Amino acid sequence: MAVLVKFLFLTVVFSTIYSCTAQCSTSAKNFAACTELPVLNSTLSWNYFTSSNRVEIAFRKSGIDDYNSRWIAWAINPTSTGMIASQSFVACPQSNGSLAAYTSPITSYETSLQEGNMSFPVYDVSATYENNSVTIFATLELPSNTTTVNHVWQEGPISGNLPSIHGLSGDNVMSFGTVDFLSGKIETIKGGKGMVLKNVHGVLCAVSWGIMMPIGVMIARYMKLLNGADPAWFYIHVTCQSLGYLVGIIGWGTGMYLGAQSSGIQYKGHRCIGITVFCLATTQVLVGMFLRPKKDHKYRIFWNIFHYCIGYGTIILSIWNVFKGIGILEPGKKLWKEGYMSFIITLACLALIFEAIKWYSVLRRKNESQKTLDEATGEQAS
């Protein structure tokens, strides 16, 4: 019995040693460190040179029966923890049957992994396919006094000889973390401070500019048609818009902070629209509070035109920017887009119904007034 236990123990030990040696060695090079990454059946091996702060890496994706149908990539993200701003090493099959290896900086989720220069020095980028595995080799130079980096790895299909979008769920949205090339420590990141702030910014702006503001406009346009609703509709409208504006200021400030902290990542369209929305809403609040003439004032018509134009313009830009903001978040936020789209469609349908009711009421009152006037004219004539 003791002999059997020793045999099983030695078998496990030698199997582990062999497995590690197999992972850390390739037909082209031996590596001092290696680790199996938590998802996508991938392995990362490396040699770290402290004197030059250079790292030789080999990223291997196993279980690929036909490399002509898949692309793979491994990347370092110097500024964040996700895909945007990643500096990637890509292995992609070519139409002539060869396997191309190149670098590609990623600036948006719509990237097609075009070849480009990295933000740090890289050397000797290559790729091989053997034993149903694709391996990317490269040497990169880390910033001074840096051994721990954010890294991302990914795979996806080939469409028309070009990399196509990878999966948007499961392992494909969990393939990022940190690696310490000195200690060999690998960690998987569930979501850092930056992602939390992005989500907070998105929720605040969607609720304020994208939900409360449109509802406040509908209250002003349709609630005042109800008998006895004046002046209650006005105070409800002001309350809804004021709360939306205050929440929106917090969301806008969070967005400006995120932009200042991410100097390498620019969302110019989203940023410019957000600033425009804030300026228009602030103008609307100031003019509404301090420059609103009385109902019978001769200039009230011009104030109304200004109020309507600024108000509806702010709403349109807000809704547009909410969709742009959702597109900036991780691809897994597809549900957010579908949910907000459902809300906007529902709101639009309600607006059409209320608009029909409004014009029916206006025309009916006009006919009743005309009928009363005709009856009064007939009585006078008789």
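The shown structure was predicted, so the numbers you read here are calculated from the model rather than taken from an experiment. Every heavy atom of this structure was used, including side-chain atoms; hydrogens, water molecules and symmetry mates were not.
A continuous path of ILVMFWY side-chain contacts below 4.5 Å connects Tyr235 to Trp233, so both sit in one hydrophobic cluster. When hydrophobic clusters are built by joining Ile, Leu, Val, Met, Phe, Trp and Tyr residues whose side-chain heavy atoms come closer than 4.5 Å, directly or via intermediates, Ile316 is not grouped with Val277.
Connectivity analysis of hydrophobic side chains (ILVMFWY, heavy atoms under 4.5 Å, direct or indirect) links Leu246 to nothing; its cluster partners are none.
By the side-chain contact (heavy atoms from CB on, under 4.5 Å) test, Ile305 pairs with Ile301, Cys309, sequence neighbours left out. For Val203, the side-chain contact (heavy atoms from CB on, under 4.5 Å) test picks out Val207, Trp336, with sequence neighbours left out. Residues passing the side-chain hydrogen bond (donor to acceptor under 3.5 Å, both in side chains) test with Glu355, sequence neighbours excluded: Arg221, Tyr222, Trp359.
Using modelled atom types, one side-chain atom of Trp71 and one backbone atom of Ser164 make a donor-acceptor pair closer than 3.5 Å.
The nearest pair of heavy atoms linking His307 to Gln284 is O-NE2, 3.0 Å. Taking each heavy atom of Tyr129 and Asp65 in turn, the nearest pair found is OH-O, 3.1 Å. In terms of heavy atoms, Ser126 sits closest to Ala101 at C-CB, 3.4 Å.
A ring-ring contact (aromatic ring centres under 6.0 Å, His included) check over residues 35-58, counting only residues at least two apart or in different chains, returns the pairs Trp46-Phe181. Contacts classified as salt bridge (Lys or Arg N to Asp or Glu O under 4.0 Å) and involving residues 249-260 (residues at least two apart or in different chains) are not found.
Using a 4.5 Å heavy-atom threshold, the side chains of His166 and Glu155 count as separate.
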Are Trp153 and Val39 close enough, and set up right, to give a side-chain contact (heavy atoms from CB on, under 4.5 Å), and what steps lead you there?
CA-CA 9 Å; Trp153 63 100; Val39 294; 3.7 Å; yes
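For the 3.5 Å distance criterion, the side chains of Asn96 and Ser98 qualify, holding a donor opposite an acceptor.
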